[in-house]
Number of protein chains: 2
Amino acid sequence: MITVKEIAQLCGVSITTVSNILNNKPKVSEETRQKVLEVVKQTGYKPNYFAQGMRKQKTRTIGIVVEDLNIFSTPPIVEAIMAYCEEHNFRTVLLNMRLYDKWQDTWYDDTQKLHSVLEPSIQELLSIKVDGIMYIAGHCRIVDCFPDDFDIPAVVVYALSKNSLYPSVVIDDEKGGYDMTKYLISMGHKKIGVIAGTIDNLHTRNRNLGYQKALFEEGILFNPDYLRYGDWMRESGYREMRSLVKQGVTAVFCMNDIMASGAYDYLYEQGINIGQDISLAGFDNNELSQYIRPNLTTCDIQLKEIGLKSAEILVDTLEKEEADGSYEEIYRIPCQLVVRNSIRKIE
Amino acid sequence: MITVKEIAQLCGVSITTVSNILNNKPKVSEETRQKVLEVVKQTGYKPNYFAQGMRKQKTRTIGIVVEDLNIFSTPPIVEAIMAYCEEHNFRTVLLNMRLYDKWQDTWYDDTQKLHSVLEPSIQELLSIKVDGIMYIAGHCRIVDCFPDDFDIPAVVVYALSKNSLYPSVVIDDEKGGYDMTKYLISMGHKKIGVIAGTIDNLHTRNRNLGYQKALFEEGILFNPDYLRYGDWMRESGYREMRSLVKQGVTAVFCMNDIMASGAYDYLYEQGINIGQDISLAGFDNNELSQYIRPNLTTCDIQLKEIGLKSAEILVDTLEKEEADGSYEEIYRIPCQLVVRNSIRKIE
DNA sequence: TTGTAAGCGTTATCAA
DNA sequence: TTGATAACGCTTACAA
């Protein structure tokens with residue numbers, strides 16, 4: 001492995017000079033600069049990562065902690081972050097807490113469990129001297145990731161940071177729920193059921209809020225019987241669809257595509273024609289939504305955009321050094337209505 | 001950040017002694033060992049990653065290069081690798097080449113393109129002194145990842161290494177195709193069509209081989225007209241299904257679930273009843289296979305197993321230092337038949 | 001059994 | 001404008 005020392009010898013200058021040139025220090029003659037740069041290029045010299053990390057405090061590396069890489073929303077977000085970082089000449093290091101793998105569904109509100117893995121992960125990242133950290137959650141909630149006295153920039157992605165010191169990037173659930181409901185209404189529906197997620201979940205609450213605002217704006221009474229809570233899983237979609245059919249709704253807004261698929265199951269079983277006898281909407285634009293029949297009208301959560309925005313925030317803070325305070329606390333990335341064939345226009 | 005020096009001072013010993021204890025060197029009195037270990041634990045001391053990396057050649061870090069993190073098979077493999085590494089006290093560093101993101105489908109056989117990203121990635125990993133490298137491909141083919149004179153262990157995952165120096169872990173496509181065909185035959189089918197992947201693809205070739213072996217074993221003539229090539233995409237499933245229906249097959253084996261979904265599209269359009277009038281099988285156990293109706297009988301590629309086996313091989317080689325030669329060249333992880341409702345038993 | 005000191009490849013400080 | 005030299009935190013001969 002070639003070192004500064006050898007470069008210096010090759011150029012007949014001191015290692016200091018080489019180092020100065022490499023680090024864009026001012027006081028170097030143009031002549032030697034050219035020569036050294038030339039040799040560096042020819043030899044393919046790259047400064048030793050460890051030696052550099054030991055001296056500087058910066059490594060131009062960003063740490064990414066993900067709750068679980070197997071959550072469908074995570075890889076696209078991570079990929080977008082990596083793309084942006086690569087463009088801006090930052091390394092990334094990914095740490096996968098594998099929360100699902102370890103505890104299935106039991107870690108959501110278990111601060112104990114979360115922190116038993118998060119703390120070491122952060123320590124790990126700190127020990128490899130990352131310049132900044134991104135926390136990628138699997139679903140939206142208020143999460144307490146970083147201590148107050150954290151000394152590197154951090155951003156919380158797909159969840160809200162409890163500590164307002166760190167910006168959060170989330171999807172605009174309220175707008176999503178609102179847009180979908182507005183669309184449903186525009187298609188002539190007035191009796192719109194909802195199969196929501198778990199009751200205390202933030203996605204649920206905000207999408208619900210959007211739903212209600214849309215109803216209000218259109219002067220449609222909100223019937224509490226039309227609002228049913230599921231648990232994001234297929235079975236709950238099936239179950240709640242049964243209730244809603246009894247209520248006589250003409251359309252149902254499912255707060256994720258998985259539950260919508262459960263609703264499909266029930267309707268299919270009953271011989272009720274989706275997109276004809278009843279209209280259905282999902283959320284997430286999960287891959288499955290384009291495969292079930294009729295194709296599900298849904299709302300795309302723009303994972304790429306989320307990743308991009310998050311990376312942008314962190315990288316900018318890092319580049320601008322002390323230009324903080326310029327960032328909002330919460331960024332809401334808008335969702336995108338995806339119209340397919342599960343909603344019929346009625347009178 | 002606490003250092004050896006401080007630990008030494010706290011214990012009233014020299015830094016050498018502390019270092020020796022931390023590195024399990026023999027010549028240390030039990031007494032001092034205990035004392036030092038105690039202090040280390042209390043202070044939460046962790047050796048500085050950079051200083052250590054600079055001195056030793058080993059970092060207990062494994063580099064993972066993935067072709068694209070957004071390929072559906074990649075995250076589960078990576079997660080399994082990470083789990084195993086974590087268990088065995090290895091760090092992992094993930095490098096995402098984002099090949100799809102950069103070039104969509106045009107990089108498969110473009111060695112130029114691949115290497116223009118692979119080389120820097122490997123250099124990067126080498127520069128952070130990883131102890132070993134895993135290459136995670138997005139689909140099976142013969143791939144030329146590592147030079148002959150690579151001086152760290154490496155394994156190729158989900159593809160075959162051109163260079164037999166490096167073990168490969170792949171799925172057993174032949175067995176998968178064989179098992180599925182056998183199953184179809186056991187359900188009474190003799191006219192079994194195939195919607196294969198691209199003609200020169202290794203998955204295609206091996207699954208096809210399995211198909212033909214099963215036919216041969218059962219004394220069923222292979223009708224070349226029954227074998228149609230698609231391109232793994234939905235539309236090609238639709239297209240080829242049309243041809244096969246004309247051929248009068250009673251069952252069709254699609255080499256992935258996506259093409260099967262395209263076949264569903266056609267059959268649905270024609271009012272042909274899947275699982276009744278005609279039987280369909282897929283491959284991959286893609287998420288969608290449990291959502292389309294009727295649920296698709298398919299073959300699960302055991303991604304977790306693949307990751308596990310790969311990690312096992314690499315970690316073992318690393319732990320055992322010079323115990324090489326003990327590993328096979330190619331590991332084939334068996335696939336697992338997943339029976340659902342798209343295949344009917346006939347006379 | 002323990003300690004001293006050299007050295008890993010950088011960058012930073014200061015002197016020339 | 002350039003160059004010695006110290007320092008970063010650790011491991012490891014070698015000496016005590």
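Residue numbers begin at 1 in each chain, while the letters A, B, ... track the order of the sequences. No experiment lies behind these values; they were computed from the predicted model shown.
Between dG3(C) and T17(B), a contact under 4.0 Å exists linking OP1 or OP2 to a side-chain N or O. Within the structure, every side-chain polar atom (N or O) of T3(A) is placed at least 4.0 Å from both OP1 and OP2 of dG9(C). Within the 4.0 Å cut-off from OP1 or OP2 of dT11(C), at least one side-chain nitrogen or oxygen of Q52(A) is found.
V93(B) places none of its side-chain heavy atoms less than 4.5 Å from the side chain of E124(B). Side-chain contact between V4(A) and Y45(A) is present, with heavy atoms from C-beta onward closer than 4.5 Å. Side chains of K129(B) and N48(A) form a contact here, defined as non-hydrogen atoms less than 4.5 Å apart. A heavy-atom distance below 4.5 Å is not found between the side chains of I136(B) and I71(B).
For T32(B), the listed nucleotide lying nearest its side chain is dT2(C); candidates were dC10(D), dA4(D), dT2(C).
Between M54(B) atom CE and dG7(C) atom C1' there is a gap of 8 Å when expressed in whole angstrom units. Distance F50(B) CZ to dT11(D) P: 15 Å, rounded to the nearest Å. Rounded to whole Å, the distance from CD on Q9(A) to P on dG3(D) is 13 Å. Distance I7(B) CD1 to dG9(D) P: 13 Å, rounded to the nearest Å. Atom NZ of K5(B) is separated from atom C1' of dC8(D) by 10 Å (rounded to the nearest Å). With rounding to whole Å, Y49(A) atom OH is found 14 Å from dT11(C) atom P. Protein atom NZ of K58(A) is 21 Å distant from nucleotide atom P of dT10(C), rounded to whole Å. We find that CZ of R60(A) is positioned 18 Å from P of dT10(C), with the value rounded to whole Å.
A centroid separation of less than 6.0 Å is found between the aromatic rings of F50(A) and Y49(B).
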Using side chain to side chain donor-acceptor pair (under 3.5 Å), reason through E119(A) and Q123(A) one step at a time and then give a plain yes or no.
CA-CA 6 Å; E119(A) 231 97 282; Q123(A) 279 315 314; over 6 Å; no

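Look at K309(B) and E312(B) and you find a salt bridge, because one of the NZ, NE, NH1 or NH2 atoms lies within 4.0 Å of a carboxylate O, short of that distance.
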Enumerate all atom pairs, one protein N or O and one N or O from nucleotides 12-15 of chain D, separated by less than 3.5 Å.
{"residue": "dT12(D)", "atom": "OP2", "partner": "K25(B)", "partner atom": "NZ", "Å": "2.8"}
{"residue": "dT12(D)", "atom": "O4", "partner": "T16(B)", "partner atom": "OG1", "Å": "3.4"}

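Of the residues in residues 34-45 of chain A, those lying under 4.0 Å from DNA chain C by heavy-atom distance are Y45(A).
With a 6.0 Å radius and a threshold of 12 heavy atoms from other residues, nucleotides or ligands, E30(A) has its CD atom above the threshold.
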Acceptor/donor pairs from residues 6-14 of chain B side chains to any protein atom, 3.5 angstrom cut, sequence neighbours excluded:
{"residue": "E6(B)", "atom": "OE2", "partner": "T3(B)", "partner atom": "N", "Å": "3.2"}
{"residue": "S14(B)", "atom": "OG", "partner": "T16(B)", "partner atom": "N", "Å": "3.3"}
{"residue": "S14(B)", "atom": "OG", "partner": "T17(B)", "partner atom": "N", "Å": "3.3"}
{"residue": "S14(B)", "atom": "OG", "partner": "T17(B)", "partner atom": "OG1", "Å": "3.2"}

